Amino acid sequence: MGATVTTGSTSESTTGTAASTAGPAATDLTAEQQAAFDAVVADDGRVEPRDAMPEAYRRTLVRQIAQHAHSEIIGMQPEGNWVTRAPSLRRKAILYAKVQDEAGHGLYLYSAAETLGVDRADLLDALHEGRQKYSTIFNYPALTWADTMAIGWLVDGAAIMNQVPLSRCSYGPYARAMVRVCKEESFHQRQGFEGMTALARGTAAQKAMAQDALDRFWWPSLMMFGPPDDASPNSARSMAWGIKRFSNDELRQRFVDATVPQAEFLGLTVPDPDLVLDEETGHYRFGTPDWDEFARVVAGDGPCNRQRVAFRRQAHEDGAWVREAAAAHAARRAGARTAERAAVGDDASRVA
Ligand code: FAQ
């Protein structure tokens with residue numbers, strides 16, 4: 001915990017400053033290194049772990065990738081809650097696979113973060129101690145089966161809208177991790193939409209359940225894209241660095257444009273009295289999310305924040321024996337391999 005890592009010319013505590021946004025100015029590189037970095041970004045190339053990069057760029061990536069990884073594993077909880085109560089064996093098998101996929105996404109992302117010189121154990125400590133964030137959406141409860149389907153449709157739908165551009169992010173390991181993640185999220189979104197379709201075409205009670213889920217998940221889904229552009233401290237710099245390709249508001253608009261027709265297809269009503277299609281632009285105009293609520297949930301005061309973090313901490317503690325066993329097994333295998341190599345060396349010298 002609190003390990004100090006050295007990356008390039010600077011060192012920092014991975015549990016402390018890695019979680020904060022502001023880094024030193026981009027002048028911590030030599031002029032030649034800075035020019036090489038700028039050229040890669042300008043040519044839409046990929047920065048790789050071995051390349052020199054500004055410390056502020058590295059910190060921004062650690063912050064974003066860690067928050068993204070935390071979101072994936074905390075995001076297993078609302079739907080995981082329904083695995084034992086799925087309405088059929090088919091739905092249960094699909095949901096189980098989806099929740100496992102989210103764990104896998106967390107693993108790719110922690111691995112991508114580790115290429116930036118941080119340790120995943122420190123990142124998990126930062127999550128458990130509330131020093132790093134995860135997406136606000138996962139602090140809302142999945143109260144009904146329809147909520148689980150709405151999460152697939154809306155939350156995975158929003159995740160794809162945000163993450164497809166990230167597969168062109170300037171940092172190679174993050175961009176490559178996004179390719180498989182997006183393919184899997186795409187399946188998740190379709191299973192959610194298919195499940196919502198079954199409910200919307202079902203009994204009156206099932207349709208009402210689907211509408212209720214849309215009512216509760218619509219606005220929190222719009223908040224997933226982050227604060228409005230004029231209140232987003234990181235966007236301008238992240239876009240200049242090619243980490244983000246579109247602003248928070250641009251992606252939010254794309255999500256609304258793509259999702260409203262889907263709600264109409266389902267015969268459901270989007271809970272926004274201001275929603276209207278602007279015939280001239282072809283885009284929907286929509287109301288303002290409750291940014292005070294967003295700030296409260298980010299600050300730890302959402303409906304399920306405490307429960308989510310407490311459950312995650314408990315799961316981590318309960319899994320300690322697995323990590324210890326895996327480490328002991330790896331150490332024993334490494335020892336066996338060393339002994340084997342030594343024995344081969346002895347034989348070779350006898351033959352000679
Ligand atoms: N929740 O200046 P910006 C998924 C923070 S994965 C909490 O605009 P930025 C899969 C932000 O971090 C969902 N915090 O920041 C799944 C920053 O914090 P700071 C997660 C938020 O980074 C589906 C501050 O506010 N996806 O759903 C949120 O440029 C189903 C100022 O904001 C990702 O993480 C929020 N919603 O843009 C799993 C994608 N929004 O500086 C299970 C990668 C903002 O104090 C089931 N991340 N903040 O540390 C991104 O694209 C960006 O980080 C944004 C925010 C767009 C989220």
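The analysis underlying the following values was restricted to heavy atoms, covering all of them including side chains, and did not include hydrogens, waters or symmetry mates. Everything numeric here is computed off the predicted structure, so don't read it as measured data. Counting starts at 1 for both ligands and their atoms, in listed order.
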### Message
Under a 4.0 Å threshold between the charged nitrogen and the carboxylate oxygen, would Asp147 count as salt-bridged to Arg216?
### Response
yes
### Task
Could you tell me whether Asp156 and Lys98 have a side-chain N and a carboxylate O separated by less than 4.0 Å?
yes
### Message
Under 4.0 Å, heavy-atom basis, I'd like to know which part of Lys133 is in contact with ligand 1: side chain, backbone, both or neither.
### Response
side chain
### Task
Report the part of Met223 (side chain from C-beta onward, or backbone N, CA, C, O) that has a heavy atom under 4.0 Å from ligand 1; answer both or neither where that applies.
backbone
### Task
May I ask you to say whether Glu194 pairs ionically with Arg90, meaning some side-chain N is under 4.0 Å from a carboxylate O?
yes
### Query
What do you reckon, does Glu185 put a non-hydrogen atom under 4.0 Å from ligand 1?
yes
### His283 side chain to Asp278 side chain, donor-acceptor N/O pair below 3.5 angstrom
no
### Message
Any donor-acceptor pair under 3.5 Å linking the side-chain atoms of Asp38 with those of Gln34?
### Response
yes
#### Entry: Counterpart residues, salt bridge (Lys or Arg N to Asp or Glu O under 4.0 Å), relative to Arg306 (two or more places apart)
Asp301
### Query
What atoms in ligand 1 come closer than 4.0 Å to a heavy atom of Leu166?
43 (C)
### Any Lys98 heavy atom less than 4.0 Å to ligand 1
yes
### Query
Are Tyr174 and Thr115 linked by a side-chain donor-acceptor pair shorter than 3.5 Å?
no
### Query
Is the closest N or O pair between Asn162 and ligand 1 shorter than 3.5 Å?
yes
### Query
By number and element, which atoms of ligand 1 are closer than 4.0 Å to a non-hydrogen atom of Ala159?
4 (C), 27 (O)
### Query
With only distance considered, is Arg63 within less than 3.5 Å of ligand 1 through an N or O on each side?
yes
### Query
Less than 3.5 Å between some nitrogen or oxygen of Ser232 and one of ligand 1, yes or no?
yes
### Task
Tell me, please: is Glu79 in heavy-atom contact with ligand 1, that is, under 4.0 Å?
yes
### Query
What atoms in ligand 1 come closer than 4.0 Å to a heavy atom of Gly226?
40 (N), 44 (C)
## Note on the structure
For Phe225, the atoms of ligand 1 under 4.0 Å from one of its heavy atoms are 56 (C)
### Query
Which of parallel (below 30°), tilted (30 to 60°) and perpendicular (above 60°) describes Phe255 and Phe225?
tilted
